[in-house]
2 protein chains.
Amino acid sequence: MRPAPRRRREILDTAAEVFAAQGYDATTVRRIADAAGLLAGSLYYHFDSKESMLDEILRAFLDELWARYGAVLAARLGPRETLEALVTESFREIDRHRAAVAIYQKESRHLREQPRFGYLAGSQRRFEEAWLRTLERGVAAGDFRTDLDVRLTYRFVRDTVWVAASWYRPGGQHSPEEIARQYLSMVLEGIAPATRT
Amino acid sequence: MRPAPRRRREILDTAAEVFAAQGYDATTVRRIADAAGLLAGSLYYHFDSKESMLDEILRAFLDELWARYGAVLAARLGPRETLEALVTESFREIDRHRAAVAIYQKESRHLREQPRFGYLAGSQRRFEEAWLRTLERGVAAGDFRTDLDVRLTYRFVRDTVWVAASWYRPGGQHSPEEIARQYLSMVLEGIAPATRT
DNA sequence: CTCCTTCCCTAACAAGTGTTTGGTAGGTTA
DNA sequence: TAACCTACCAAACACTTGTTAGGGAAGGAG
(Lines give C-alpha, C1' and ligand atoms only; values in the text may rest on other atoms or scores of the structure.)
Protein backbone atom coordinates (compact mmCIF):
# COMPACT_ATOMS: atom_id res chain seq x y z
CA MET A 1 0.00 0.00 0.00
CA ARG A 2 1.04 3.59 -0.58
CA PRO A 3 2.43 5.02 2.68
CA ALA A 4 0.60 8.31 3.31
CA PRO A 5 0.31 10.53 0.24
CA ARG A 6 -0.34 13.76 2.10
CA ARG A 7 2.44 15.74 0.54
CA ARG A 8 2.11 13.90 -2.72
CA ARG A 9 -1.46 15.07 -3.21
CA GLU A 10 -0.46 18.58 -2.24
CA ILE A 11 2.17 18.65 -4.97
CA LEU A 12 -0.20 17.13 -7.50
CA ASP A 13 -2.82 19.78 -6.82
CA THR A 14 -0.22 22.47 -7.24
CA ALA A 15 0.91 20.95 -10.52
CA ALA A 16 -2.68 20.87 -11.74
CA GLU A 17 -3.09 24.57 -11.02
CA VAL A 18 0.07 25.47 -12.89
CA PHE A 19 -0.77 23.21 -15.83
CA ALA A 20 -4.20 24.79 -16.05
CA ALA A 21 -2.86 28.31 -15.90
CA GLN A 22 0.08 28.04 -18.26
CA GLY A 23 -0.54 24.96 -20.35
CA TYR A 24 1.20 21.62 -19.93
CA ASP A 25 4.08 22.12 -22.35
CA ALA A 26 4.72 25.67 -21.26
CA THR A 27 5.05 24.53 -17.66
CA THR A 28 8.52 23.54 -16.50
CA VAL A 29 9.09 21.12 -13.65
CA ARG A 30 11.09 23.85 -11.92
CA ARG A 31 8.01 26.06 -11.99
CA ILE A 32 5.94 23.34 -10.37
CA ALA A 33 8.63 22.70 -7.77
CA ASP A 34 8.80 26.42 -7.02
CA ALA A 35 5.07 26.65 -6.45
CA ALA A 36 5.10 23.55 -4.27
CA GLY A 37 8.07 24.69 -2.23
CA LEU A 38 10.81 22.25 -3.17
CA LEU A 39 13.47 21.79 -5.85
CA ALA A 40 12.90 20.32 -9.27
CA GLY A 41 14.82 17.12 -8.69
CA SER A 42 12.86 16.39 -5.53
CA LEU A 43 9.70 15.97 -7.54
CA TYR A 44 11.13 12.70 -8.77
CA TYR A 45 10.97 11.25 -5.31
CA HIS A 46 7.17 11.43 -5.52
CA PHE A 47 6.59 10.97 -9.25
CA ASP A 48 8.59 9.31 -11.94
CA SER A 49 8.00 11.90 -14.64
CA LYS A 50 6.23 15.12 -15.53
CA GLU A 51 3.99 13.10 -17.82
CA SER A 52 2.99 10.84 -14.93
CA MET A 53 1.71 13.83 -13.03
CA LEU A 54 -0.46 14.85 -15.95
CA ASP A 55 -1.66 11.29 -16.36
CA GLU A 56 -2.60 10.98 -12.72
CA ILE A 57 -4.45 14.30 -12.72
CA LEU A 58 -6.52 13.36 -15.76
CA ARG A 59 -7.25 9.84 -14.56
CA ALA A 60 -8.46 11.02 -11.16
CA PHE A 61 -10.75 13.50 -12.85
CA LEU A 62 -12.19 11.02 -15.34
CA ASP A 63 -12.66 8.35 -12.70
CA GLU A 64 -14.72 10.62 -10.51
CA LEU A 65 -16.64 12.01 -13.46
CA TRP A 66 -17.66 8.58 -14.67
CA ALA A 67 -18.65 7.51 -11.20
CA ARG A 68 -21.17 10.37 -11.15
CA TYR A 69 -22.30 9.92 -14.73
CA GLY A 70 -22.70 6.21 -14.16
CA ALA A 71 -25.01 6.84 -11.23
CA VAL A 72 -27.11 9.23 -13.31
CA LEU A 73 -27.39 6.87 -16.26
CA ALA A 74 -28.12 3.87 -14.03
CA ALA A 75 -31.10 5.71 -12.56
CA ARG A 76 -32.83 5.44 -15.96
CA LEU A 77 -34.59 8.76 -15.73
CA GLY A 78 -36.53 10.29 -18.57
CA PRO A 79 -34.50 12.03 -21.29
CA ARG A 80 -35.09 15.52 -20.03
CA GLU A 81 -34.31 14.60 -16.44
CA THR A 82 -31.21 12.74 -17.57
CA LEU A 83 -29.98 15.78 -19.45
CA GLU A 84 -30.61 18.00 -16.45
CA ALA A 85 -28.76 15.60 -14.17
CA LEU A 86 -25.79 15.25 -16.53
CA VAL A 87 -25.45 19.00 -16.87
CA THR A 88 -25.70 19.54 -13.15
CA GLU A 89 -23.11 16.87 -12.40
CA SER A 90 -20.81 18.43 -14.98
CA PHE A 91 -20.91 21.82 -13.33
CA ARG A 92 -20.38 20.18 -9.94
CA GLU A 93 -17.34 18.43 -11.37
CA ILE A 94 -16.01 21.76 -12.58
CA ASP A 95 -16.52 23.07 -9.08
CA ARG A 96 -14.46 20.25 -7.59
CA HIS A 97 -11.82 19.64 -10.26
CA ARG A 98 -11.61 23.01 -11.98
CA ALA A 99 -7.92 22.71 -12.85
CA ALA A 100 -8.23 19.16 -14.17
CA VAL A 101 -11.18 20.10 -16.35
CA ALA A 102 -9.30 23.06 -17.78
CA ILE A 103 -6.32 20.86 -18.57
CA TYR A 104 -8.53 18.22 -20.14
CA GLN A 105 -10.23 20.85 -22.25
CA LYS A 106 -6.98 22.35 -23.48
CA GLU A 107 -4.78 19.31 -23.98
CA SER A 108 -6.94 16.26 -24.59
CA ARG A 109 -7.27 16.77 -28.32
CA HIS A 110 -3.59 16.25 -29.07
CA LEU A 111 -2.82 14.11 -26.04
CA ARG A 112 -5.20 11.39 -27.14
CA GLU A 113 -2.94 10.61 -30.06
CA GLN A 114 -0.20 9.39 -27.74
CA PRO A 115 -0.65 5.74 -26.77
CA ARG A 116 -0.28 6.51 -23.10
CA PHE A 117 -3.30 8.81 -23.22
CA GLY A 118 -5.39 6.66 -25.48
CA TYR A 119 -7.98 6.31 -22.73
CA LEU A 120 -8.91 9.93 -23.37
CA ALA A 121 -10.32 8.91 -26.74
CA GLY A 122 -12.18 6.05 -25.13
CA SER A 123 -13.68 8.30 -22.51
CA GLN A 124 -14.74 10.78 -25.15
CA ARG A 125 -16.53 8.03 -27.06
CA ARG A 126 -18.46 6.95 -23.99
CA PHE A 127 -19.25 10.56 -23.32
CA GLU A 128 -20.56 11.18 -26.81
CA GLU A 129 -22.60 8.00 -26.77
CA ALA A 130 -24.29 8.83 -23.47
CA TRP A 131 -25.22 12.31 -24.63
CA LEU A 132 -26.35 11.33 -28.10
CA ARG A 133 -28.53 8.54 -26.77
CA THR A 134 -30.14 10.88 -24.27
CA LEU A 135 -30.86 13.46 -26.95
CA GLU A 136 -32.25 10.86 -29.33
CA ARG A 137 -34.44 9.36 -26.65
CA GLY A 138 -35.69 12.84 -25.91
CA VAL A 139 -36.52 13.51 -29.54
CA ALA A 140 -38.38 10.19 -29.77
CA ALA A 141 -40.28 10.88 -26.56
CA GLY A 142 -41.24 14.39 -27.60
CA ASP A 143 -39.12 16.01 -24.89
CA PHE A 144 -36.93 17.75 -27.44
CA ARG A 145 -37.53 19.38 -30.80
CA THR A 146 -37.31 17.21 -33.86
CA ASP A 147 -36.00 19.82 -36.28
CA LEU A 148 -32.56 20.24 -34.71
CA ASP A 149 -29.49 18.30 -35.77
CA VAL A 150 -28.79 16.05 -32.80
CA ARG A 151 -25.07 15.86 -33.40
CA LEU A 152 -24.71 19.63 -33.66
CA THR A 153 -26.80 20.10 -30.55
CA TYR A 154 -24.60 17.63 -28.70
CA ARG A 155 -21.47 19.53 -29.63
CA PHE A 156 -22.90 22.86 -28.56
CA VAL A 157 -24.09 21.49 -25.25
CA ARG A 158 -20.89 19.61 -24.53
CA ASP A 159 -18.63 22.55 -25.30
CA THR A 160 -20.57 25.16 -23.41
CA VAL A 161 -20.66 23.06 -20.31
CA TRP A 162 -16.97 22.27 -20.17
CA VAL A 163 -15.64 25.59 -21.34
CA ALA A 164 -17.16 27.04 -18.21
CA ALA A 165 -14.08 25.68 -16.45
CA SER A 166 -12.06 28.48 -17.99
CA TRP A 167 -14.00 31.26 -16.29
CA TYR A 168 -15.58 29.59 -13.28
CA ARG A 169 -14.07 30.41 -9.91
CA PRO A 170 -15.21 28.37 -6.92
CA GLY A 171 -16.55 30.52 -4.15
CA GLY A 172 -17.86 33.09 -6.61
CA GLN A 173 -21.36 34.46 -6.56
CA HIS A 174 -22.87 31.53 -8.45
CA SER A 175 -23.01 27.99 -7.10
CA PRO A 176 -22.59 25.11 -9.56
CA GLU A 177 -26.27 24.30 -9.14
CA GLU A 178 -27.28 27.87 -9.90
CA ILE A 179 -25.13 27.92 -13.02
CA ALA A 180 -26.59 24.60 -14.11
CA ARG A 181 -30.11 25.91 -13.57
CA GLN A 182 -29.51 29.02 -15.65
CA TYR A 183 -27.75 27.07 -18.35
CA LEU A 184 -30.51 24.48 -18.56
CA SER A 185 -33.13 27.17 -18.71
CA MET A 186 -31.31 28.77 -21.63
CA VAL A 187 -30.75 25.55 -23.52
CA LEU A 188 -34.20 24.12 -22.92
CA GLU A 189 -36.42 27.18 -23.24
CA GLY A 190 -34.16 29.52 -25.20
CA ILE A 191 -33.33 33.12 -24.44
CA ALA A 192 -36.22 34.56 -26.41
CA PRO A 193 -39.47 35.04 -24.51
CA ALA A 194 -41.88 32.14 -24.91
CA THR A 195 -44.06 32.37 -27.99
CA ARG A 196 -46.24 29.96 -29.92
CA THR A 197 -44.51 27.50 -32.22
CA MET B 1 6.75 47.92 -49.48
CA ARG B 2 7.00 44.22 -48.84
CA PRO B 3 8.26 42.50 -52.02
CA ALA B 4 5.78 39.71 -52.74
CA PRO B 5 4.82 37.65 -49.71
CA ARG B 6 3.71 34.58 -51.60
CA ARG B 7 5.92 32.11 -49.81
CA ARG B 8 5.74 34.02 -46.59
CA ARG B 9 1.97 33.63 -46.36
CA GLU B 10 2.29 29.98 -47.24
CA ILE B 11 4.65 29.41 -44.34
CA LEU B 12 2.47 31.44 -41.99
CA ASP B 13 -0.58 29.37 -42.86
CA THR B 14 1.38 26.20 -42.24
CA ALA B 15 2.56 27.51 -38.90
CA ALA B 16 -1.02 28.33 -37.93
CA GLU B 17 -2.13 24.79 -38.70
CA VAL B 18 0.63 23.29 -36.60
CA PHE B 19 0.07 25.72 -33.73
CA ALA B 20 -3.62 24.89 -33.76
CA ALA B 21 -3.03 21.14 -33.82
CA GLN B 22 -0.28 20.84 -31.23
CA GLY B 23 -0.41 24.02 -29.21
CA TYR B 24 2.03 26.91 -29.48
CA ASP B 25 4.54 25.86 -26.87
CA ALA B 26 4.52 22.24 -27.92
CA THR B 27 5.35 23.25 -31.47
CA THR B 28 9.02 23.51 -32.38
CA VAL B 29 10.27 25.71 -35.17
CA ARG B 30 11.78 22.60 -36.74
CA ARG B 31 8.33 21.06 -36.92
CA ILE B 32 6.97 24.12 -38.69
CA ALA B 33 9.90 24.15 -41.09
CA ASP B 34 9.35 20.47 -41.82
CA ALA B 35 5.70 21.00 -42.66
CA ALA B 36 6.52 23.99 -44.83
CA GLY B 37 9.34 22.24 -46.67
CA LEU B 38 12.44 24.06 -45.52
CA LEU B 39 14.91 23.99 -42.64
CA ALA B 40 14.47 25.60 -39.27
CA GLY B 41 17.06 28.32 -39.74
CA SER B 42 15.52 29.38 -43.01
CA LEU B 43 12.38 30.49 -41.25
CA TYR B 44 14.34 33.42 -39.93
CA TYR B 45 14.75 34.82 -43.37
CA HIS B 46 10.98 35.44 -43.45
CA PHE B 47 10.24 36.06 -39.76
CA ASP B 48 12.36 37.31 -36.94
CA SER B 49 11.03 34.96 -34.28
CA LYS B 50 8.58 32.20 -33.51
CA GLU B 51 6.67 34.66 -31.39
CA SER B 52 6.37 37.03 -34.34
CA MET B 53 4.63 34.34 -36.34
CA LEU B 54 2.10 33.83 -33.57
CA ASP B 55 1.64 37.56 -33.25
CA GLU B 56 1.04 38.02 -36.95
CA ILE B 57 -1.46 35.15 -37.07
CA LEU B 58 -3.50 36.53 -34.19
CA ARG B 59 -3.41 40.12 -35.44
CA ALA B 60 -4.58 39.17 -38.90
CA PHE B 61 -7.46 37.25 -37.40
CA LEU B 62 -8.53 39.98 -35.01
CA ASP B 63 -8.25 42.67 -37.67
CA GLU B 64 -10.58 40.86 -39.99
CA LEU B 65 -12.93 39.92 -37.19
CA TRP B 66 -13.33 43.49 -36.05
CA ALA B 67 -13.85 44.71 -39.57
CA ARG B 68 -16.89 42.41 -39.81
CA TYR B 69 -18.14 43.10 -36.32
CA GLY B 70 -17.73 46.82 -36.89
CA ALA B 71 -19.94 46.64 -39.97
CA VAL B 72 -22.61 44.75 -38.07
CA LEU B 73 -22.62 47.15 -35.13
CA ALA B 74 -22.59 50.19 -37.38
CA ALA B 75 -25.76 48.97 -39.06
CA ARG B 76 -27.62 49.61 -35.79
CA LEU B 77 -30.01 46.71 -36.18
CA GLY B 78 -32.40 45.61 -33.47
CA PRO B 79 -30.97 43.54 -30.62
CA ARG B 80 -32.16 40.22 -31.94
CA GLU B 81 -30.96 40.93 -35.47
CA THR B 82 -27.63 42.16 -34.12
CA LEU B 83 -27.18 38.94 -32.16
CA GLU B 84 -28.03 36.89 -35.22
CA ALA B 85 -25.59 38.83 -37.35
CA LEU B 86 -22.78 38.60 -34.79
CA VAL B 87 -23.21 34.86 -34.45
CA THR B 88 -23.32 34.35 -38.20
CA GLU B 89 -20.20 36.45 -38.73
CA SER B 90 -18.44 34.49 -36.02
CA PHE B 91 -19.10 31.17 -37.70
CA ARG B 92 -18.02 32.63 -41.03
CA GLU B 93 -14.80 33.76 -39.38
CA ILE B 94 -14.25 30.23 -38.09
CA ASP B 95 -14.75 29.01 -41.62
CA ARG B 96 -12.06 31.33 -42.94
CA HIS B 97 -9.56 31.43 -40.08
CA ARG B 98 -10.17 28.11 -38.37
CA ALA B 99 -6.57 27.65 -37.23
CA ALA B 100 -6.23 31.20 -35.93
CA VAL B 101 -9.47 30.91 -33.97
CA ALA B 102 -8.34 27.64 -32.41
CA ILE B 103 -5.04 29.19 -31.39
CA TYR B 104 -6.76 32.24 -29.97
CA GLN B 105 -9.11 30.04 -28.01
CA LYS B 106 -6.33 27.93 -26.56
CA GLU B 107 -3.60 30.44 -25.89
CA SER B 108 -5.12 33.87 -25.43
CA ARG B 109 -5.80 33.49 -21.72
CA HIS B 110 -2.15 33.24 -20.72
CA LEU B 111 -0.75 35.17 -23.68
CA ARG B 112 -2.61 38.31 -22.74
CA GLU B 113 -0.44 38.66 -19.66
CA GLN B 114 2.65 39.25 -21.79
CA PRO B 115 3.02 42.91 -22.77
CA ARG B 116 3.48 42.04 -26.41
CA PHE B 117 0.06 40.40 -26.53
CA GLY B 118 -1.71 42.96 -24.40
CA TYR B 119 -3.96 43.81 -27.33
CA LEU B 120 -5.67 40.46 -26.76
CA ALA B 121 -7.07 41.77 -23.50
CA GLY B 122 -8.20 44.94 -25.24
CA SER B 123 -9.94 43.00 -27.93
CA GLN B 124 -11.65 40.83 -25.40
CA ARG B 125 -12.98 43.89 -23.60
CA ARG B 126 -14.45 45.33 -26.79
CA PHE B 127 -15.90 41.93 -27.53
CA GLU B 128 -17.54 41.62 -24.14
CA GLU B 129 -18.89 45.14 -24.31
CA ALA B 130 -20.48 44.64 -27.73
CA TRP B 131 -22.18 41.43 -26.66
CA LEU B 132 -23.32 42.64 -23.26
CA ARG B 133 -24.81 45.80 -24.72
CA THR B 134 -26.67 43.82 -27.35
CA LEU B 135 -28.08 41.45 -24.75
CA GLU B 136 -29.09 44.28 -22.44
CA ARG B 137 -30.74 46.18 -25.26
CA GLY B 138 -32.60 42.99 -26.09
CA VAL B 139 -33.81 42.56 -22.55
CA ALA B 140 -34.99 46.16 -22.44
CA ALA B 141 -36.76 45.84 -25.78
CA GLY B 142 -38.47 42.59 -24.82
CA ASP B 143 -36.53 40.58 -27.38
CA PHE B 144 -34.91 38.45 -24.70
CA ARG B 145 -36.07 37.00 -21.40
CA THR B 146 -35.64 39.11 -18.31
CA ASP B 147 -35.04 36.31 -15.83
CA LEU B 148 -31.65 35.21 -17.16
CA ASP B 149 -28.34 36.49 -15.88
CA VAL B 150 -27.00 38.55 -18.77
CA ARG B 151 -23.36 37.98 -17.91
CA LEU B 152 -23.80 34.21 -17.65
CA THR B 153 -25.71 34.15 -20.91
CA TYR B 154 -22.96 36.13 -22.58
CA ARG B 155 -20.33 33.64 -21.45
CA PHE B 156 -22.31 30.66 -22.64
CA VAL B 157 -22.98 32.20 -26.02
CA ARG B 158 -19.43 33.41 -26.50
CA ASP B 159 -17.86 30.09 -25.59
CA THR B 160 -20.12 27.90 -27.63
CA VAL B 161 -19.59 29.95 -30.72
CA TRP B 162 -15.82 30.01 -30.60
CA VAL B 163 -15.27 26.50 -29.36
CA ALA B 164 -16.83 25.34 -32.59
CA ALA B 165 -13.43 26.04 -34.13
CA SER B 166 -12.13 22.90 -32.46
CA TRP B 167 -14.46 20.56 -34.31
CA TYR B 168 -15.47 22.49 -37.41
CA ARG B 169 -13.90 21.35 -40.65
CA PRO B 170 -14.41 23.53 -43.72
CA GLY B 171 -15.95 21.65 -46.58
CA GLY B 172 -17.92 19.44 -44.22
CA GLN B 173 -21.62 18.80 -44.51
CA HIS B 174 -22.64 22.01 -42.74
CA SER B 175 -21.95 25.48 -44.08
CA PRO B 176 -21.13 28.22 -41.59
CA GLU B 177 -24.53 29.77 -42.26
CA GLU B 178 -26.30 26.48 -41.59
CA ILE B 179 -24.43 26.03 -38.33
CA ALA B 180 -25.26 29.58 -37.33
CA ARG B 181 -28.94 29.00 -38.13
CA GLN B 182 -29.12 25.86 -36.02
CA TYR B 183 -27.19 27.44 -33.20
CA LEU B 184 -29.39 30.54 -33.16
CA SER B 185 -32.49 28.41 -33.21
CA MET B 186 -31.23 26.51 -30.19
CA VAL B 187 -30.18 29.56 -28.23
CA LEU B 188 -33.22 31.65 -29.07
CA GLU B 189 -36.03 29.11 -28.92
CA GLY B 190 -34.44 26.36 -26.82
CA ILE B 191 -34.26 22.66 -27.53
CA ALA B 192 -37.52 21.83 -25.78
CA PRO B 193 -40.68 22.00 -27.91
CA ALA B 194 -42.51 25.30 -27.63
CA THR B 195 -44.90 25.44 -24.70
CA ARG B 196 -46.71 28.17 -22.83
CA THR B 197 -44.60 30.20 -20.41
C1' DC C 1 29.89 38.42 -68.53
C1' DT C 2 29.06 40.68 -63.83
C1' DC C 3 26.10 42.34 -60.17
C1' DC C 4 22.23 41.96 -57.24
C1' DT C 5 18.39 40.04 -55.06
C1' DT C 6 15.76 36.25 -53.38
C1' DC C 7 15.58 32.20 -50.90
C1' DC C 8 17.45 28.64 -48.71
C1' DC C 9 21.20 25.47 -46.34
C1' DT C 10 24.92 24.10 -43.08
C1' DA C 11 26.66 24.45 -38.75
C1' DA C 12 26.90 26.10 -34.71
C1' DC C 13 25.43 28.77 -30.32
C1' DA C 14 23.76 29.59 -25.43
C1' DA C 15 19.98 28.80 -22.68
C1' DG C 16 16.70 25.90 -20.92
C1' DT C 17 14.56 21.24 -20.72
C1' DG C 18 13.29 16.74 -18.03
C1' DT C 19 15.75 13.57 -15.43
C1' DT C 20 19.39 10.98 -12.56
C1' DT C 21 22.70 10.32 -9.00
C1' DG C 22 24.59 10.59 -4.51
C1' DG C 23 24.16 12.56 -0.32
C1' DT C 24 21.90 14.08 4.14
C1' DA C 25 18.91 16.13 8.00
C1' DG C 26 15.41 14.59 10.97
C1' DG C 27 12.26 11.65 12.80
C1' DT C 28 10.81 6.71 14.03
C1' DT C 29 11.74 2.09 15.32
C1' DA C 30 14.43 -1.61 17.67
C1' DT D 1 22.99 3.61 20.48
C1' DA D 2 22.24 1.78 15.93
C1' DA D 3 19.58 1.00 11.94
C1' DC D 4 16.17 2.66 8.98
C1' DC D 5 12.86 5.42 6.37
C1' DT D 6 11.01 9.68 4.62
C1' DA D 7 11.54 13.82 2.16
C1' DC D 8 14.39 16.68 0.45
C1' DC D 9 18.83 19.21 -1.73
C1' DA D 10 22.96 20.03 -4.77
C1' DA D 11 24.95 19.20 -8.84
C1' DA D 12 25.28 17.41 -12.81
C1' DC D 13 23.55 14.76 -17.18
C1' DA D 14 22.18 14.46 -22.19
C1' DC D 15 19.22 16.55 -25.06
C1' DT D 16 16.23 19.96 -27.24
C1' DT D 17 15.05 24.57 -27.74
C1' DG D 18 14.92 29.20 -30.47
C1' DT D 19 18.17 31.72 -32.86
C1' DT D 20 22.32 33.42 -35.57
C1' DA D 21 26.23 33.70 -38.89
C1' DG D 22 28.15 32.83 -43.20
C1' DG D 23 27.75 31.04 -47.43
C1' DG D 24 25.81 29.63 -51.89
C1' DA D 25 22.60 28.35 -55.82
C1' DA D 26 19.30 30.32 -59.10
C1' DG D 27 17.72 33.78 -61.93
C1' DG D 28 16.91 38.35 -63.67
C1' DA D 29 19.04 43.13 -64.85
C1' DG D 30 22.73 45.94 -66.64
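In what follows, chains carry the letters A, B, and so on, assigned in the order in which the sequence lines appear, proteins first and then strands, with residues in each chain numbered from 1.
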Nearest whole Å is fine: how far is dT20(C) P from L43(A) CG?
12 Å
To the nearest Å, give me how far apart CG (L38(B)) and P (dG18(D)) are.
15 Å
If you only use heavy atoms from C-beta on, which nucleotide in dA10(D), dC9(C), dG18(C) is closest to the side chain of L39(A)?
dA10(D)
Check this for me: does the side-chain of R30(A) come within 3.5 Å of the base of dG16(C) through a donor and an acceptor?
no
Indicate the ring-plane relationship of F91(A) and Y183(A), choosing parallel, tilted or perpendicular according to the 30° and 60° boundaries.
perpendicular
Along DNA chain C (nearest heavy atom to each residue), the more 5'-positioned of Y45(B) and D48(A):
Y45(B)
Nearest-Å distance for atom pair CZ/C1', residues R7(B) and dC9(C)
13 Å
Take the protein atom NE2 of H46(A) and the nucleotide atom P of dG18(C), then report the distance between them rounded to whole Å.
18 Å
Take the angle between the ring planes of W162(A) and F61(A) and call it parallel below 30°, perpendicular above 60°, tilted in between.
perpendicular
NA contact type, S42(B), heavy-atom cut-off 4.0 Å: base, sugar-phosphate, or nothing?
base
Could you tell me the separation between the CG atom of L54(B) and the P atom of dT19(D), rounded to a whole number of Å?
12 Å
Can you confirm if the NZ or CZ of R59(A) lies within 45° of the ring axis of Y119(A) and under 6.0 Å from the centre of its six-membered ring?
yes
Roughly, in whole Å, what's the span from OH in Y44(A) to P in dG18(C)?
7 Å
Would you mind telling me which of dT19(D), dG18(C), dC9(C) lies closest to the side-chain atoms of V29(B)?
dT19(D)
So what does T27(A) touch, heavy atoms closer than 4.0 Å: a base, only the sugar-phosphate, or nothing?
sugar-phosphate
Considering only heavy atoms from C-beta outward, does the side chain of Q22(A) approach that of H110(B) to under 4.5 Å?
no
Between atom CZ in F47(A) and atom P in dC8(D), what is the gap in whole Å?
11 Å
Give a yes/no verdict on a cation-pi contact between R126(A) and W66(A), requiring under 6.0 Å between NZ or CZ and the six-membered ring centre and an angle within 45° of the axis.
yes
Please figure out whether G37(A) or D25(B) has its closest DNA chain D nucleotide nearer the 5' end.
G37(A)
Nearest whole Å is fine: how far is dT16(D) C1' from K50(A) NZ?
13 Å
